[in-house]
Amino acid sequence: MNFDDTPQEAAYRAEVRAWLDANKPREFEDELRQSTFGMIGLKSVDPMIAAKAWQKKKFDDGWAVLHWPKAYGGREATPIQRVIWQQEEGPYAALSQMFSIGHNMCGPTLMAWASEAEKARRLPPLASGEEIWCQLFSEPAGGSDLAGLRTRAEPDGNGGWLINGQKIWTSGAHNSQWGLLFARTDPTVAKHKGLTMFFVDMRTPGIEVRPIKQANGQSNFNEVHFTDVAVPDSQRLGAVGQGWQVSMTTLMNERLSMGSKMSVGFAELFELCRTLEIDGRPALENPAVRARLAHFATLASGLKNISMRGISAISKGQTPGPENSVGKLVGASAMQEIALYALDLEGEAGVISDPALAPIKGRFQTMLLRTPAARVEGGTDEILRNIVAERVLGLPADIRVDKDVPFNQIPTRPPSR
Amino acid sequence: MDFDFSDEQKQLRETARRFLAERCPMEAVRKVLDGEAAYDAGLWRALGEMGFLGAAIPEAHGGLGAGYLELCVIAEEMGRSLAPVPMASSIYLAAEFLKAAGSEAQKATWLPKLASGEAVGAFALAEGPGRISASRIKAGVSGGKLTGTKLPVADGHVADVAVVATKGANGALSLYLVELDGPGVERELLESIDPTQGQARLTFQGAAAEPLGAAGQGSQIIAEVYDRAAVLLAFEQIGGAERALEMGRDYALERMAFGRQIGSFQAIKHMLADMYVSLALARANAYYAAWALAAGAPQLKIAAPMARVSATTAFQHCAKNNIQAHGGMGFTWAFDCHLYYRRSNGLAAVLGSLSTWQDLLISRMAELNDLGAAA
C-alpha cells in the first residue's frame, strides 16, 4: 500500500498543473466553489458563455475530452490520467457539467454505433463544446422500466422516420442541439425487441421542449414533446429492433462516469456543529451529536476510500471492484440524512432557507429540497439495490411478467376491483 | 498510487483461509461454545507454528517481523472462521503493550512465548458496567502488590500473563504486568453472550506486579495500543461480516417459499444488498487504516476509530440480518447464524463499545482539525 504517484503519474500531474495554471479562468474560482447539484455557481457571467469558452480553450490544446480518440478531439488518456486531470481541475470542472452527458454517454454511443461519416461530422463539435447533446430516454411510462417506453418511430414512406411521443427528465434539452433518442419501432413484439435508437437534431420542427418546474422550485429538467418529427434513416444507430443493445452502451458509460466525486456534505455539517450551541456549549461536544456525526463520517470516508481503491485498481490496469457500484446509493441517502440532521440542529430556524440568514448560506435547506431527486435520478435506490443483489451477490433477477408478452398486450391499468 | 494488499499479502490470506478451513471447522468453534474446552489450544499452537501469531512481532523477539499488513490479512481470516482462540487479547493487545511500553527484559521474556503460542496474554482494564474512564479505575499497586477486581477480562481465564491498568499517583493510570498463575490471583469464567471468546473476572489480592512503561503514562499507552488493536479487530469484523453475508446469500438462493427462491423477493434482495453496502464501506475504511498503521502515519489517529466504528456497524448489521434472511431456522442452535451474531456483539464490546469509539473519532477530528478521508 502506497498513496504516492508513480513517476509517470507525477510527470503527468505536473504537465496538467502547468497547463491549468497558465489557462484556468481564475476570476471565477470563488463562485465555482459554490457550485452544487448540477447548478453552476456563476452569477457574475452567463454560465453558458463561460462554460463554452473554457471548453473551447481545452479543446484547442487537446484537453477537451481526455478519454476520447484523438481523431474526434480527444487525448487518448488512460483512466488514471483522467483521474489526475479531475483532481487537478478541481472547481473548474463545474464548467464542464453541461457537456458531460454528451461527452460521457452520447459520444461513446456514437463511437460504437454511428457510421464513420457521422462520427467525423458530429463528434468534434461535441468535444469542443460548440454543440451540446442530451439523452432522450426516460418517459412518463418508462423510468426504472426503461424498456416500457412508448414514443413511436414509424416509417414515413420515403425511407425516413416520423417520431411521436413524449420524453421526460431530459437534462439540458433546452440548451441542446442534438439528442440521443430511444423509440419504439414495433409494438407487436416483446418490449425489449421492438426498440430502435436514433439521434435527432433538436431544432427539427415538431420538437417542443418544456421545462419542468421541480418540487424544489428549480427547473433543471425538461419534458420533450415530439409531433410528427422527421428523422432521416441515416440517423439511426444500430439495426431496427436493436435499440436495447445500443442503450446498454450508453448506460454502461453512465455508470462509469457517476458517483466518484460525490460530496455528501459531511465537512459542512461538522462546521455547523462547531458553531451551533446546545445548552451553551458547541453542539460538537454533545455525545448524541457526536454519535450521529461519527456515523456520517464513516459513510463519507467509506465512499472516498472506495473511490480511491477504484482509482488504484485502474492505475494498475485492473478493473475496479464491484464495491464501486454502491457510490450513488450510499451518497444520495447520506446527503438527505445529513440535510435532515442539520435542520434538526438548527432548531426552529431550520425552516429558514434565506441564504443571508441560514447557516452556510442555506446549503442544508437547498440539500433538503434537492436530495429526494438524488435518490431517484440515474437509477433509483431500489434499482441500484437490485443491481447490487443481482450482479454482485448473484441473486435471481426479479420476476418479469411482461417479458415475453407483445408490447401492445402489456396491461397499462391496474386490474378492476 | 497502490491502495491494495500486495500479491504476497493476498497469498498469505489464501494460506490462512485454507489453514483455518481445515483446522478450525465449525465443530471446533462449537466445542468452545458448548464449554467442552476453554479455547482451542491445539489450533492456538498451530497458529504459532505457522508464524501467524508472530507476524507483527520482531524477529529478535521470536516473531516473523513481517508487519501489520500481514497481521491484518490474517485477522480477517480469524474473524471469518470465528477462531475460538485468544488472538485479540494475546496478540493485538498484550503483545502490542509489550512492544509499545515493555522493557527489554519484559519483551525478551514474553514476546517469544506470545509469538509461539506457548503463553497467552490478556489486558485487564474494566471494573464493571459503564464507559471506562481513569477516574473509575480502583485497582491499585502498593509495594509491588496488586489489589483490585477486573471485570470483564477477555480470555482472563486462560491467560498466563496480564497487562493490568491501575490507578496511579494523581489519578493517572499506570500499567503493570502480572503473572496470573502466582499467588493472590483468583479467576472465574463468566457467562457471556459469546462463549467462543470467554470473559473472566480477575480478583487480585496482593499479586506480584511489575511496572509496564512509566508510572502515570497508562492512558497514553492504552490510547496508542487501542488504535492498533482497533484496526486489527476491524479486519476480524469485516471477515466475520463477509461470511455472515455469504451465509445469508447462500440460504436465500437455496430456500424455496411461495414457489420461488426467497432470494428473488426484493425484500430479501435489498436487505442483502444493504449488508453488502455496509461491508464495502467498512472494508474501504479498514484498508485505509491498515495503510496508516503499517506506515506509522499520523492519519492513524482518525483512521483507526473510523475503521473501528465502520467495521463494528457492518458486522452487527450483517450478523443480525443473516438471521433474518434465514427466518426461523436462523434462530436454532443447530444453524451457525447465532455464532456470528454472538461474535459481532462480543467484538463490538471488547475494545470499548461503539459509542465510545464514535465519541473518540469526533473528539480527535475536532482536536486535530482534520476530518481524514471524510473531508
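First the proteins, then the strands, lettered A, B, ... as listed; each starts at 1.
- With sequence neighbours excluded, the residues forming a side chain to side chain contact (heavy atoms under 4.5 Å, CB included) with B:Ser135 are B:Ser133, listed by chain and number.
- Annotation: maximal heavy-atom pairing with chain B below 4.5 Å, among A:Ile311, A:Val326, A:Asn2, occurs at A:Asn2.
- For chain A, the nearby parts of B:Met365 are the backbone and the side chain; heavy atoms of each come within less than 4.5 Å.
- The most heavy-atom pairs under 4.5 Å with chain B, out of A:Ala297, A:Gly310, A:Ala267, A:Gly394, come from A:Ala297.
- More than 12 heavy atoms of other residues, nucleotides or ligands sit less than 6.0 Å from atom CD of B:Glu246.
- Only the side chain of B:Tyr276 comes within contact range of chain A, judged by heavy atoms closer than 4.5 Å.
- Close approach to chain A, defined as a heavy atom under 4.5 Å from one of its heavy atoms, is seen in B:Arg249, B:Ala252, B:Leu253, B:Arg260, B:Gln261, B:Gly263, B:Ser264, B:Gln266, B:Lys269 of residues 249-269 of chain B, taken by number.
- Put simply, the side chain of B:Tyr287 reaches to within 4.5 Å of the side chain of A:Met1, judged on heavy atoms.
- To the nearest 0.5 Å, the span separating CG on B:Leu281 from NZ on A:Lys304 amounts to 14.0 Å.
- With contacts defined as side-chain heavy-atom distances shorter than 4.5 Å, the pair B:Gln358/A:Arg292 does not qualify.
- With a 4.5 Å cut-off on non-hydrogen atoms, B:Ser363 touches chain A through its backbone and its side chain both.
- Legend: residues meeting ring pair (Phe, Tyr, Trp, His ring centres under 6.0 Å) with B:Phe3, ordered by chain and number and at least two apart, are A:Phe3.
- Between the side chains of B:Asn285 and A:Asn305, at least one donor N or O sits under 3.5 Å from an acceptor N or O.
- A 6.0 Å sphere centred on NZ of A:Lys403 holds no more than 12 heavy atoms belonging to other residues, nucleotides or ligands.
- Of the atoms belonging to A:Glu285, not a single heavy atom falls under 4.5 Å from chain B.
- Contact of A:Ala313 with chain B is not made at all, since no heavy-atom distance falls under 4.5 Å.
- Highest contact tally toward chain B, considering only A:Thr6, A:Asn386, A:Ile399, is held by A:Asn386 [criterion: heavy-atom pairs under 4.5 Å].
- Only the backbone of A:Asp5 has a heavy atom closer than 4.5 Å to any heavy atom of chain B.
- In this structure, B:Val277 and A:Leu329 have side chains that are in contact, with non-hydrogen atoms separated by less than 4.5 Å.
- Shown here is B:Gln9, whose CD atom has more than 12 heavy atoms of other residues, nucleotides or ligands within 6.0 Å.
- Residue contact with chain B, scored on non-hydrogen atoms closer than 4.5 Å, is absent for A:Pro282.
- Between atom CZ of residue A:Phe270 and atom CG of residue B:Asn369 there is a gap of 7.5 Å, rounded to the nearest 0.5 Å.
- Within the 4.5 angstrom heavy-atom criterion, no atom of B:Leu279 approaches chain A.
- Most heavy-atom pairs under 4.5 Å with chain B, from the set A:Ser325, A:Ala397, A:Gly302, A:Pro287: that is A:Gly302.
- Among all heavy-atom pairs drawn from B:Ala284 and A:Arg309, the shortest one is CA-CD, 4.5 Å.
- Looking at B:His270 and A:Asp381, their side chains never bring a donor and an acceptor atom within 3.5 Å of each other.
- Applying the 6.0 Å contact sphere to CG of A:Asp30 captures no more than 12 heavy atoms from other residues, nucleotides or ligands.
- No other option in A:Leu393, A:Ile306, A:Leu299, A:Ile80 has as many heavy-atom pairs under 4.5 Å with chain B as A:Leu393.
- Atom OH of B:Tyr341 sits in a sparse spot, with 12 or fewer heavy atoms from other residues, nucleotides or ligands closer than 6.0 Å.
- When each of A:Ala291, A:Ala300, A:Ala389 is checked for heavy-atom pairs under 4.5 Å with chain B, A:Ala291 comes out on top.
- Between chain A and the options B:Leu272, B:Asp4, B:Leu361, B:Leu69, the largest number of non-hydrogen pairs under 4.5 Å is found for B:Asp4.
- Across A:Arg274 and B:Ala366, no two heavy atoms sit closer than the pair NH2-O, 3.7 Å.
- For residues 291-316 of chain B, heavy-atom neighbours of chain A at less than 4.5 Å comprise B:Trp291, B:Met306, B:Val309, B:Ser310, sorted by residue number.
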